[in-house]
Amino acid sequence: MELILHLDAEKPLQAQIFDQIRKLILDGRLAAGVALPPTRNLAMRHSVSRNTVSIAYDRLAAEGYVESRSTKGFFVSEILPDDLLRISSRPAPDNGPRPEDPPEAVLCFAGSPGGGDDRPALDFWVGRSAASAFPLPIWRRIVARLLDRESHYLTDYSDPAGLPELRRAIAEYLGRSRGVIASPDQIIVTSGGQEALNLVVELLRTRSERLAIETPCYVGASMVFRARDMEIDAVPVDGEGLQTDLLPESGRSLIYVTPSHQFPTGATLPLSRRLALLRWAEDTDSYIIEDDYDSDFRYDGPPLTALAGLDEGRRVFYIGTFSKSVGAGLRVGFAVVPRFHWSEARMLKARMSNGQSWLEQRALSEFLLDGHFDRHMRKLTKIYRARRNSLIAALTKRFGDVQLSGQESGLHLVWHLPPDFPCARDIQMRARERGVGVYALSSGAAYDFNPDAPDRTLVLGYSSLDAEQIVRAVDTLFDIISCSADGYAPIS
Ligand SMILES: Cc1ncc(COP(=O)(O)O)c(C=O)c1O
């Protein structure tokens with residue numbers, strides 16, 4: 001038989017011959033039992049070497065599309081059931097209308113405004129670390145040593161809960177720095193805090209009847225909660241964080257909170273409210289997810305013990321991440337779960353992804369156990385404190401008595417705009433045109449369950465800008481806001 005193929009001399013010929021004949025078979029255009037042209041004929045017809053055609057035929061035979069009958073040549077396989085054929089000629093499933101592109105806030109959650117390389121030159125994007133401070137020589141040395149001595153682990157599976165040495169190092173760090181007394185057998189190493197959150201929500205699926213979350217909140221958490229087909233109680237936040245007197249009375253809830261540095265407002269939940277939250281969980285048979293995403297950085301006053309430290313492994317599921325302290329590209333986070341739930345959580349992690357990359361985990365455990373992490377944190381805290389101070393000083397110099405919150409810790413602060421300023425989105429847009437990234441809550445990786453929330457707040461992440469850049473960016477903001485020609489109240 002004659003077989004017309006369309007071959008492109010620029011691409012691998014064997015693969016094209018294989019693909020095109022396979023497609024003809026799957027479409028039913030080469031029926032079962034039909035003989036393929038002899039290799040010599042097909043080769044001559046398409047000016048390719050006979051060997052090229054033979055290799056493509058052999059591969060078709062190896063994958064079961066054709067059978068080789070000794071001297072007679074190759075025939076389309078008889079054993080392919082009819083209903084497996086013509087798959088590609090069936091219409092694509094009706095998936096309904098194509099979903100709209102996600103709003104900017106969701107893209108922001110991917111780590112940058114717009115999720116790509118189009119960042120403004122001076123960007124106050126939240127939670128970015130100072131790339132130049134990453135201890136590359138140390139990291140390179142650790143990785144090289146591990147590859148020299150332990151590379152056989154690269155080809156093996158390891159414990160889905162995470163490498164025991166990393167879990168030990170995390171437990172030791174948490175005890176020392178956050179007052180969380182946990183054994184390595186309560187820890188699950190995850191792909192960032194985001195996976196830890198998904199894991200805990202899934203783990204408690206059957207034990208919770210409702211979900212509760214602070215509002216405004218972290219957009220990544222709102223996405224996880226809103227994806228569940230469950231009632232959500234949005235509990236408002238004030239200057240001291242979650243308003244515990246507004247917690248839902250219904251029982252068996254699962255609540256997500258950021259007590260150390262509320263995201264986005266930056267409030268620190270005072271001890272009285274922490275205790276009220278724990279009491280509420282006891283009284284209503286509820287569970288708490290404590291997201292301690294940036295508590296490693298505290299500039300003023302001693303850190304408050306984490307909720308998980310007060311709870312002692314009963315109702316609090318603690319989530320941490322190395323995204324802020326070491327780097328988001330590492331994708332390492334963890335959940336600390338009450339002992340009772342650990343085996344189930346470990347099984348769940350196995351079901352989700354069978355554990356994390358060995359090399360990153362192993363390098364991180366060396367980094368922690370050899371004391372590099374503590375040194376790195378001291379260095380970063382110094383850098384970020386100086387950057388925070390520069391930002392506060394620049395804002396105060398340009399705008400006078402600014403109302404800020406969240407500046408005691410973390411990597412961002414929040415500026416509550418005076419009533420005579422334009423709204424936050426307006427400033428965001430105008431600043432963007434001038435190469436400065438500042439963010440209204442809805443674009444700054446935050447989500448407000450109240451659609452009518454006033455747009456009077458800017459989120460400013462200062463950790464990736466140096467002092468000179470911060471001053472330049474604030475000067476630009478000043479120009480924009482004081483531009484009376486545009487109808488804005490001039491700043492005196
Ligand atoms: C409030 C909050 N929680 C959790 C995370 C988790 O981040 P990752 O998934 O990178 O660990 C972030 C990241 O910015 C965050 O802002």
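The basis for the numbers below is simple: all heavy atoms, side chains too, and nothing from hydrogens, waters or symmetry mates. Remember, predicted model here, so these are calculated numbers, not experimental data. One-based numbering, in listed order, for ligands and for the atoms of each.
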* Asked: Of the choices Phe322, Tyr218, Phe334, which has the non-hydrogen atom that lies closest to atom 2 (C) of ligand 1?
  -> Tyr218
* Relative to ligand 1, is Lys324 under 4.0 angstrom through side chain, backbone, both or neither, heavy atoms considered? ->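 Near ligand 1, Lys324 shows its side chain, while the N, CA, C and O stay back.
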* Can you tell which part of Ala328 has a heavy atom less than 4.0 Å from ligand 1: side chain, backbone, both or neither? ->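 It is neither; nothing of Ala328 touches ligand 1.
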Distance under 4.0 Å to a non-hydrogen atom of [X]: what atoms of ligand 1 satisfy this?
X: Gln194; value: 9 (O)
X: Gly192; value: 9 (O), 11 (O)
X: Ser323; value: 8 (P), 10 (O), 11 (O)

* Does Phe263 reach ligand 1 with a nitrogen or oxygen that is under 3.5 Å from one of the ligand's nitrogen or oxygen atoms? -> no
* Thr321-ligand 1 polar pair, N/O distance under 3.5 Å -> yes
* **atom 3 (N) of ligand 1: the protein heavy-atom neighbour that sits closest, reported with distance to 0.1 Å** => Asp291 OD2, 2.5 Å
Between [Y] and [X], does any NZ, NE, NH1 or NH2 come within less than 4.0 Å of an OD or OE carboxylate oxygen?
X: Arg273; Y: Glu240; answer: yes
X: Glu344; Y: Arg339; answer: no
X: Arg315; Y: Asp285; answer: yes

* To do: Step by step, work out the side-chain hydrogen bond (donor to acceptor under 3.5 Å, both in side chains) result for Tyr218 and Asp291.
  => CA-CA 10 Å; Tyr218 174 47; Asp291 180 357; over 6 Å; no
Aromatic ring pairing [X]/[Y], orientation class (parallel under 30°, perpendicular over 60°, tilted between):
X: Phe334; Y: Phe322; answer: tilted
X: His412; Y: Tyr293; answer: parallel
X: Phe449; Y: Tyr447; answer: perpendicular

* Non-hydrogen atoms of Arg331 versus ligand 1: any pair closer than 4.0 Å? ->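 The answer is yes: ligand 1 sits under 4.0 Å from a heavy atom of Arg331.
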